Amino acid sequence: MKYISTRAANTPDIERKLFCQILLEGLAPDGGLYLPEQYPQIDDAALTRLRKVYHEQGYALLAFEILSLYIDDIPAADLRALCEKTYTTEVFGTGEIVPLRHVEDGLWIEALSNGPTLAFKDMAMQLLGNLFEYELGRRGEELNIFGATSGDTGSAAEYAMRGKKGVRVFMTSPQGRMSPFQQAQMFSLMDANICNIAVKGVFDDCQDLVKAVSNDLEFKRKYKIGTVNSINWARLLAQVVYYFAGYIQATESNSQRVSFSVPSGNFGNVCAGHVARMMGLPIAKLVVATNENDVLDEFFRTGVYRVRGTADTHETSSPSMDISKASNFERFVFDLLGRNGARTKALFADAINTHGRFDLSADPLFTKAASTYGFVSGKSTHANRIQTIRETWNQHGFVIDTHTADGLKVALEYREPGVSMIVLETALPIKFASTIVEALGREPECPAKFAGIEALPRRVLDIDADVAVVKALIAKECA
Ligand SMILES: *Cc1c(COP(=O)(O)O)cnc(C)c1O
């Protein structure tokens, strides 16, 4: 399997890379995103075999089977060992790894949030940690991950990389702006290779620091700076596996179809669903659920993709979906346009840069987003989330988090007879406790392993939003 950029012109000399060549990279050099040259196909017999693998050998082996279709440059025995080391009962809390919770007839919630940081990002990041350590060890190299987080990404990255050989993490976050639980989770880490940096300012100030450091090519090279953001192909690939596991658990025969509803921000999670569907997994609809930051909902309803400015980006009670643009969206548009790299480039490099938007509403291809690719969408407001959390508690007796509430609210608008709907649970309620208190009048349950976390000692450096200060800090740690 080889990988190409979404912006590459389709010529015979098109640059094609192997998995490990793109593993540690973000964007392709031309600014595009990497995708496999073609999607491996899972026919009926192969799906039956994967069903058996999941039931008899478990999630780690299912992951190994699916990853093997996309990775040619890691020996099979090593890849299998990496999967087995990643997806354990110990790390994910259950033997099923991603158990389905039955809500009512034809409606399920797939639990993706029982990993170390209680959000679905662990599903991919835990594997990434092991892949990075493996590949860096093989090359005899080191990597310094420098990132910005408003919560879930940073903690998932730190819990994936803590104690890993050859990797350090420098994670900036806006001082005092993450939820108390998120702050406690990150700042209580004492591992020598984890460095928390609380920046005076907002999330955008943190992102500006990351951009400034990345734009200093000499510094970047000298200190081997890398990222782990959601455009990383390996993260997306790891997520494909739980679409298969969800489908297998919700069905008995391959003739059944299911739909997935996905709380969406950067389009990474639901893009993995798109990949699974392109491989032939019998998915009816992919429901893109957004909050008030409805860039994606607007596109799927109207064909207009319009990037928002800072003033237009709302702080909501499902904060991990508060985005101004959806960084993985280009991958789907590339497929929608018949894998036309030149046209993808014209939209994302030219139209977005000059006008902040593009409009496919008049293009016949746009109708294929729904008819051929199964995409539908919807959005929710704070009031919708509060109501969904309350109704779920009153009718079914369990508590869901605000992001999962976005997904459930929109899922209910798209149910079809005979097609099970699976809502992806992207975080546990304890991460966003204040909204749960608002909805239910009481604190959500805290998993036993996190009891007392807010009282633990903390390790965090407070700094001004100053590039020179950040650079000096990285240089000192790496000395
Ligand atoms: C990151 C995140 C999302 C959004 O996922 P994308 O892949 O960016 O679409 C949704 N919910 C939670 C809890 C998250 O952490």
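No experiment lies behind these values; they were computed from the predicted model shown. These values consider heavy atoms only, across backbone and side chains, with no hydrogens, waters or symmetry-generated copies. Note that ligands are numbered from 1 as they come in the structure, with each ligand's atoms numbered from 1 the same way.
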Filter the ligand 1-protein atom pairs down to N or O on both sides and distance under 3.5 Å, then list them.
from	atom 1	to	atom 2	distance (Å)
ligand 1	7 (O)	Gly268	N	3.2
ligand 1	7 (O)	Asn269	N	2.9
ligand 1	8 (O)	Asn266	N	2.7
ligand 1	9 (O)	Gly265	N	2.8
ligand 1	9 (O)	Asn266	N	3.3
ligand 1	9 (O)	Phe267	N	3.1
ligand 1	11 (N)	Thr426	OG1	2.9
ligand 1	15 (O)	Lys121	NZ	2.5
ligand 1	15 (O)	Asp152	OD2	2.5

> Do we see a donor-acceptor contact under 3.5 Å between the side chains of Asn291 and Asp406?
Replying inline: no
The ring pair (Phe, Tyr, Trp, His ring centres under 6.0 Å) partners of Tyr159 (sequence neighbours excluded) come to none
Tell me whether the guanidinium CZ or amine NZ of Arg277 lies under 6.0 angstrom from the six-membered ring centre of Tyr373 and within 45° of its axis.
no
| message | Given the ring of Tyr39, does Arg339 sit roughly above its face, with NZ or CZ under 6.0 Å from the centre of the six-membered ring and within 45° of the axis? | response | yes
dist Asp401:CG -> Ile436:CD1 (nearest 0.5 Å) comes out at 6.5 Å
| field | Modelled atom types, side-chain donor and acceptor of Asn144 and Arg168, under 3.5 Å | value | yes
